[in-house]
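All chains are named by letter (A, B, ...) in the order of the sequence lines, taking the proteins before the strands, and each is independently numbered beginning at 1. Everything numeric in this text was worked out from a predicted model, so none of it was measured.
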Amino acid sequence: MSPRWYADLHLHSRFSRATSRDCDLPHLWLSARQKGLALLGTGDFTHPAWRAELAAQLEPAEEGLYRLRPALAAGLRGRVPRACAAEEREPRFLLSAEIATIYKQAERTRKVHHVVLAPGLEAAERLSARLGRVGNLCADGRPILGLGSRDLLELVLESGPGCCLIPAHVWTPWFSALGSRSGFDSVDACYADLAGELFAVETGLSSDPPMNWRVSGLDRFRLISSSDAHSPSRLGREAVCLSGERSYPALLAALRTGLGYVGTVEFFPEEGKYHLDGHRKCGARLTPAETRAVGGRCPTCGEAITVGVMHRVEELADRPEGYRPPGAGQVESLVPLEEILGEVLGVGPKSHAVQAALAVLLARLGPELELLARAPLEEVARVAPGPLGEGLARLRRGQVLREAGYDGEYGRIRLFAPGELEPGLRKSQRALFLEEEVEDDEDDKDVKDERDDRDERPRSASQPSPGPLPPDPDQQAAILHSGGPLLVVAGPGSGKTRTLTERLAHLVTARGFAPEACLVLTFTRRAADELRARVCALLPGQGERAQVSTFHALCLALLQRHPGEAERLVGLAPGFALAEEEERVALLREQAGLSETRARRLLGRLSRWAHAPRTDWPAGLEQDERTYRRLLHEAGRVDFEQLVSLAVALLEASPALAAEERVRARALLVDEYQDVDALQARLVELLAPEDGELSLVGDPDQSIYGFRGATAGAFERFAAAHPGARWVRLGRNYRSNQVIADAAGQALARGAGRAGVQALGPGRARVTLHRAPTERAEAEFVVASLEALFGGHSFFSLDSGRGQAGPALEGLAYSDVAVLYRLDALAEPLVEALARSGIPFRRRSHARLADALGGDEFDERADRVHLLTLHAAKGLEFRVVFVVGCEDGLLPLRFGPLGAAELEEERRLFYVGMTRAAERLILCRAERRALRGKPRAMRPSPFLAPIDRALTEASDARLPARRRRDRQLPLL
DNA sequence: CAGCAATGCGTTTTT
DNA sequence: CGCATTGCTG
């Protein structure tokens, strides 16, 4: 039997009334992953703006289905809970909409809602065009048309093969085919001569299949269930369960024939808003019999009672309760996990405590629907010992307490009787999920997580998906700035990328800049990809047109745009091309007769000396360089290192050409400006738009690429040349807790003056300082700490995790942790210890194997502990960061005497490492370490000294006390 | 060819 | 700084 999958075909976008602003494709996609929905309706395809968004953000997948564009999906990867990331369940979308028809028939006003499905964007467009002639489709994503149900069905059927209609939530009183206040006594009466074209009906929240089975007139319809969600978190509260192929034709076939239709996921019908009869204003809830007894009038006020679904089913039923027609689907009755957790924890379903617990459960146990229906209870108990497992057991047995809904009031399903859950039990269950509540919870209220969500929120695999908060005032100032050059100094975790991308979006949407006239410059392709994805998400349909490029790619494109001038003015060979590393080596071997090793060595030396003044070059190097350049030129090649200088030379040689290039980018935004070298700074000056916007973004405190030519003070030099430039400083750190932010600030400023960047967020965990005897002991400490952080084998058990680097963190995924080091060579003992422990890890080595193999995106996002050099960690963030090798000589790295500038760069490197951490920072050192074979005694890094002892705690290795006697040795 | 002095490299990384 | 490689001299 092929595996089952779930589909939610009826939901709404943010273009419908009373829906969440988060009903956009990324949020829906993310929620689908969390719920375990493999197929989602888009909802609202009749709305032109939503259709434009669909066209911009989706791309075709299986027949009739669409997937989120990879650039967008890539940006969301980090927010998918670890156990919800199954590749084969990556959500697909199909075109769906809900249409309301209001019309008079046989003297009665009929209000009927319909779900419409289309086999693709073109068909949706066609149908929308026809419906647009009937009524206004722009006012509401769920349009209201003055059209008979039958006529709507006719329009749908005429819009092309595959277009179909499913009567929506057929029993609800106010808006449905069978509704007591709106509809008919049969589906056939509603759709008249075309009713035969229908093959499925949606049961709605307040009825379930067993109720529907009592009406023989519905036997020929496949029963479907959907969420009708108005916010992403409500997706999948009801759904269709299918098996077999995932495609639009297969879905229709399953609904028509039953082949591949498994059944439905349901609310307990009592939870629906219209299950029983009643009058909400007076709080009167009545069973059908009671309603009949009081003559359909509210006993309190005398107004008409709203007749609910149960009552209506009884009116139309021609079979007793309990009848099950042949071929009926399976029924899984579930309760949203948020509600269950709210009950178990004794707090509201939207509370922080519930969201935290949800994140843990999804990260560990997988998507919600599977988890509720099938997660093994032993595993549930392992993740969350306590009443949750028992609750799920009762849920699966259908042993629930039901308080039925009526007249628009949701019902309530409980798993535990009143008083069954002791407050103490609830508290302990809550403690499982909340990091800091255990020791001091003076009050019983939620621990409020104040961490802001501006942008640089930890990309935890287990984060729920809250929408972003509005920009803070400094971010806002940078986003809105208009006029002269803008310098944005953005500290760690301050929302730099968000500010940059939102500024770009602002320039386009509010200031009228054409997207193609906006240029964003970065250093790495990776950064460019990320920025592009985020710009696309912010500017659906337009972001793709913006130019987001690396310096080198821009320069190459610029040279290639002007081949004539490039030949004439900077002496490039006609039809020049970029030389790859192998080609450069081959050139030197074949043309200059150098050996392979000598050729590589020469290229290495040239690259190393490229940024030093030629007068400092070793003897002979200049001569060698001239020869190499000549050979390169004769071969019609340029190398990467020349690109920027050639582009600068070209722009300087031809002012007209420079002016032409400036027009191409009326808005120029440069990321990581602190890393520009002199040529790149010059390029920026040459390209600075005359009447547009120039924005330079970066952080001088994170300048760590001096060896590559980045010259400290790039911002200052720019400001000196442009006295009118506006400075904006983003100083709030939304990433690190206060302790980490302060400690990092002290390390950077050598303890003087500045109390670090201002940080928000909870933070009681101190920075751990650990001294190990040897590098092997250091590695074992890291592993033992990781085991504690992950809670050992019983993942969240309370009694573990008091050991090494603090207690277990809830919902911690392996990829939330990084181990950082100054030299790649320091990774060896870590690799060995981690491999032994079985903790999955990934070492990013600078060996560019990944690129050679065409990228390893999959590995990149795998849930593994990251091993990285400090340099490679820049721009990333982790909930937990270890920095190993905090020793003099390694931090700062020193071979001989160290210049002041180099010392400062090493200090900034340490600062960069510290500020990668959001929640926990552990600084480790070894007293003896073998470097290049020879063991050496190591002193602590001088960078540790300025950190206030109040912010740190010492943690000595308390690994299984193998060698207690060691402690008697003098500690020095 | 042995022996010694001079030189340069080590470390971070991107295109 | 300290080690390895290179290249020169005897």
Participant: How would you list all residue pairs meeting ring pair (Phe, Tyr, Trp, His ring centres under 6.0 Å) that involve residues 570-608 of chain A, not counting sequence neighbours?
Facilitator: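 Qualifying pairs: none.
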Participant: Just N and O in the side chain of R605(A): are any of them under 4.0 Å from OP1 or OP2 of dC9(B)?
Facilitator: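 Answer yes for this pair, as a side-chain N or O of R605(A) is under 4.0 Å from OP1 or OP2.
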Participant: May I ask you to say what R822(A) touches in the nucleic acid, namely base, sugar-phosphate or nothing, with a heavy-atom cut-off under 4.0 Å?
Facilitator: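 Since a base atom lies under 4.0 Å of R822(A), the category is base.
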Participant: Would you kindly give the CZ-to-P distance between R708(A) and dT13(B), to the nearest whole Å?
Facilitator: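 Spelled out: CZ on R708(A) to P on dT13(B) is 9 Å.
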Participant: To the side chain of L893(A), which of dT15(B), dT11(B), dC9(B) is closest?
Facilitator: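 In terms of side-chain proximity for L893(A), the closest of dT15(B), dT11(B), dC9(B) is dT11(B).
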Participant: In terms of side-chain heavy atoms of T524(A), which of dT13(B), dT14(B), dT11(B) is nearest?
Facilitator: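 In terms of side-chain proximity for T524(A), the closest of dT13(B), dT14(B), dT11(B) is dT14(B).
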Participant: I need the single residue from L602(A), L632(A), T627(A) that forms a side-chain contact (heavy atoms from CB on, under 4.5 Å) with L588(A). Which is it?
Facilitator: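 Output: one option passes, namely L602(A).
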Participant: Quickly work out the E641(A) CD to dT15(B) P distance and round it to whole Å.
Facilitator: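 Taking atom P of dT15(B) as the reference, CD of E641(A) is at 13 Å.
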Participant: From C-beta outward on L823(A), which listed nucleotide comes closest to its side chain: dT11(B), dT15(B), dT12(B)?
Facilitator: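 So the nucleotide nearest the side chain must be dT11(B).
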Participant: Ring-plane angle category for H866(A) and F878(A), please: parallel below 30°, perpendicular beyond 60°, tilted otherwise.
Facilitator: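 Rings of H866(A) and F878(A): tilted, 30 to 60°.
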Participant: Within this structure, what is the CZ-to-P distance between F707(A) and dT14(B), rounded to whole angstrom?
Facilitator: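 Those two atoms, CZ and P, are 9 Å apart.
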Participant: OP1, OP2 of dT14(B) versus side-chain N and O of T550(A): anything below 4.0 Å?
Facilitator: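 Answer no for this pair, as no side-chain N or O of T550(A) is under 4.0 Å from OP1 or OP2.
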Participant: Looking only at atom P, what distance separates dT12(B) and dC1(C), rounded to whole Å?
Facilitator: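 Approximately 22 Å lies between the P atom of dT12(B) and that of dC1(C).
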Participant: Return the polar atom pairs (N/O with N/O) between nucleotides 1-5 of chain C and the protein under 3.5 Å, or none.
Facilitator:
residue : atom : partner : partner atom : Å
dC1(C)  : O4'  : F895(A) : O            : 3.2
dC1(C)  : N1   : F895(A) : O            : 3.2
dC1(C)  : O2   : F895(A) : O            : 3.1

Participant: To the nearest Å, give me how far apart NE2 (H611(A)) and P (dT14(B)) are.
Facilitator: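 Atom-to-atom, H611(A) to dT14(B), this comes out as 14 Å.
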